[in-house]
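These notes are about the structure you will find just below.
Treat the numbers as computed from the prediction; the structure is a model and nothing was measured.
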Amino acid sequence: MLKKFVKSLFLFIGISSLVLGFIGIFLPVLPTTPFILLAAYCFAKSSERFHNYIMQHKLFGKMVSDFYEKRIIPVKTKIIALTLMWATLLLSVIFFMPYIWVKWVVIGIGVAVTAYLLSFRSK
């Protein structure tokens, strides 16, 4: 019973992530790549059919397979992701966060995410 619930939960999160990833194609403030990668992971845990779909998708398939099989993120993807992340992060810190400790926490998270992204090999 629990195993079936967990599988259904992964499927729900995967479908939700895939939808958010598709929306992110058209909305520049919503990142596409993390949602697609999350969807692929969730589908690997829940649905062979959906996992095969995303791995063979003409737009996302190569990116997902490169990431999961070779641990590669293209340079262009890294540059776009980091530029958008830091632009959004800095605007938020400068204009919308009143407490200095929150600003430092957000900047610390930004540094951690940057280090994580840069730790992957590039194409």
Side-chain angles (χ1 to χ4, degrees):
M1 179 89 165
L2 181 63
K3 190 174 181 179
K4 193 171 186 173
F5 172 75
V6 171
K7 196 172 181 177
S8 297
L9 183 62
F10 272 116
L11 183 62
F12 174 75
I13 294 169
I15 291 171
S16 300
S17 296
L18 186 61
V19 169
L20 288 172
F22 278 120
I23 292 170
I25 293 170
F26 306 103
L27 293 177
V29 294
L30 190 65
T32 300
T33 304
F35 287 118
I36 299 300
L37 293 175
L38 178 60
Y41 176 80
C42 291
F43 291 152
K45 300 282 186 189
S46 63
S47 170
E48 186 177 336
R49 185 176 135 219
F50 281 123
H51 186 255
N52 289 337
Y53 165 78
I54 203 162
M55 294 298 282
Q56 297 170 0
H57 192 272
K58 68 178 183 177
L59 186 60
F60 303 122
K62 179 93 170 100
M63 172 192 63
V64 173
S65 66
D66 279 350
F67 182 79
Y68 281 108
E69 294 168 9
K70 302 172 190 167
R71 307 302 279 177
I72 293 174
I73 299 175
V75 174
K76 182 180 175 183
T77 302
K78 284 183 182 181
I79 291 169
I80 292 170
L82 291 173
T83 302
L84 290 174
M85 180 189 76
W86 278 102
T88 305
L89 189 139
L90 291 174
L91 285 172
S92 298
V93 166
I94 293 168
F95 294 110
F96 301 111
M97 296 180 182
Y99 302 109
I100 191 74
W101 68 270
V102 174
K103 293 178 183 191
W104 283 110
V105 168
V106 170
I107 289 172
I109 291 169
V111 169
V113 170
T114 300
Y116 180 70
L117 270 177
L118 295 177
S119 72
F120 289 96
R121 293 181 306 151
S122 297
K123 221 176 189 180

Under 3.5 Å, sequence neighbours excluded: what are the donor-acceptor pairs made by side chains of residues 52-59?
residue: N52; atom: ND2; partner: E48; partner atom: O; Å: 3.3
residue: H57; atom: ND1; partner: L59; partner atom: N; Å: 3.0
residue: H57; atom: ND1; partner: F60; partner atom: N; Å: 3.2

Please list, one pair per line, the donor and acceptor atoms closer than 3.5 Å that link side chains of residues 4-13 to other protein atoms, with sequence neighbours excluded.
residue: S8; atom: OG; partner: K4; partner atom: O; Å: 3.0

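Cluster partners of F96, using a side-chain heavy-atom cutoff of under 4.5 Å among ILVMFWY residues and allowing indirect links, are L91, I94, F95. With a 4.5 Å cut-off between side-chain heavy atoms of Ile, Leu, Val, Met, Phe, Trp and Tyr, the cluster of M1 takes in none.
Between T33 and M63 there is a side-chain heavy-atom pair separated by less than 4.5 Å. Side-chain contact between F67 and I72 is absent, with no heavy atoms from C-beta onward closer than 4.5 Å. At least one side-chain heavy atom of F50 sits under 4.5 Å from a side-chain heavy atom of I15.
Aromatic rings from F120 and Y116 are positioned such that their centres are separated by under 6.0 Å.
Counting only residues at least two apart or in different chains, salt bridge (charged side-chain N to carboxylate O under 4.0 Å, His left out) contacts with residues 68-82 comprise D66-K70. Under the side chain to side chain donor-acceptor pair (under 3.5 Å) criterion, the residue pairs touching residues 94-114 are W86-T114, with sequence neighbours excluded.
Summarising the geometry, atom CG belonging to L18 is positioned 10.5 Å from atom OG1 belonging to T32; distances are rounded to the nearest 0.5 Å.
Nearest heavy-atom pair across G14 and A39 is O-CB, 3.4 Å. Here the closest non-hydrogen pair linking G21 and I36 is CA-CD1, 3.9 Å. What you find for V64 and A40 is that their closest heavy atoms are CG1-CB, 3.5 Å.
Between the side chain of S122 and the main chain of V75, no donor-acceptor pair closer than 3.5 Å is present. Under the 3.5 Å distance criterion, the side-chain polar atoms of S65 are matched with a main-chain donor or acceptor of K62. Of the possible donor and acceptor atoms, one in the side chain of S46 sits under 3.5 Å from a partner among the backbone N and O of C42. Looking at S47, its side chain never comes within 3.5 Å of a backbone N or O of F43 through a donor-acceptor pair.
By the rule that hydrophobic residues join a cluster once side-chain heavy atoms approach within less than 4.5 Å of another member, L82 and I79 end up as members of separate clusters. Residues I109 and M97 fall within the same hydrophobic cluster, defined by Ile, Leu, Val, Met, Phe, Trp and Tyr side chains chained together at heavy-atom separations under 4.5 Å. Both M85 and I25 are members of a single hydrophobic cluster when ILVMFWY side chains are connected at heavy-atom separations under 4.5 Å.
By the neighbour-count criterion of 12 heavy atoms within 6.0 Å, atom OH of Y41 is sparsely surrounded, having that number or fewer from other residues, nucleotides or ligands.
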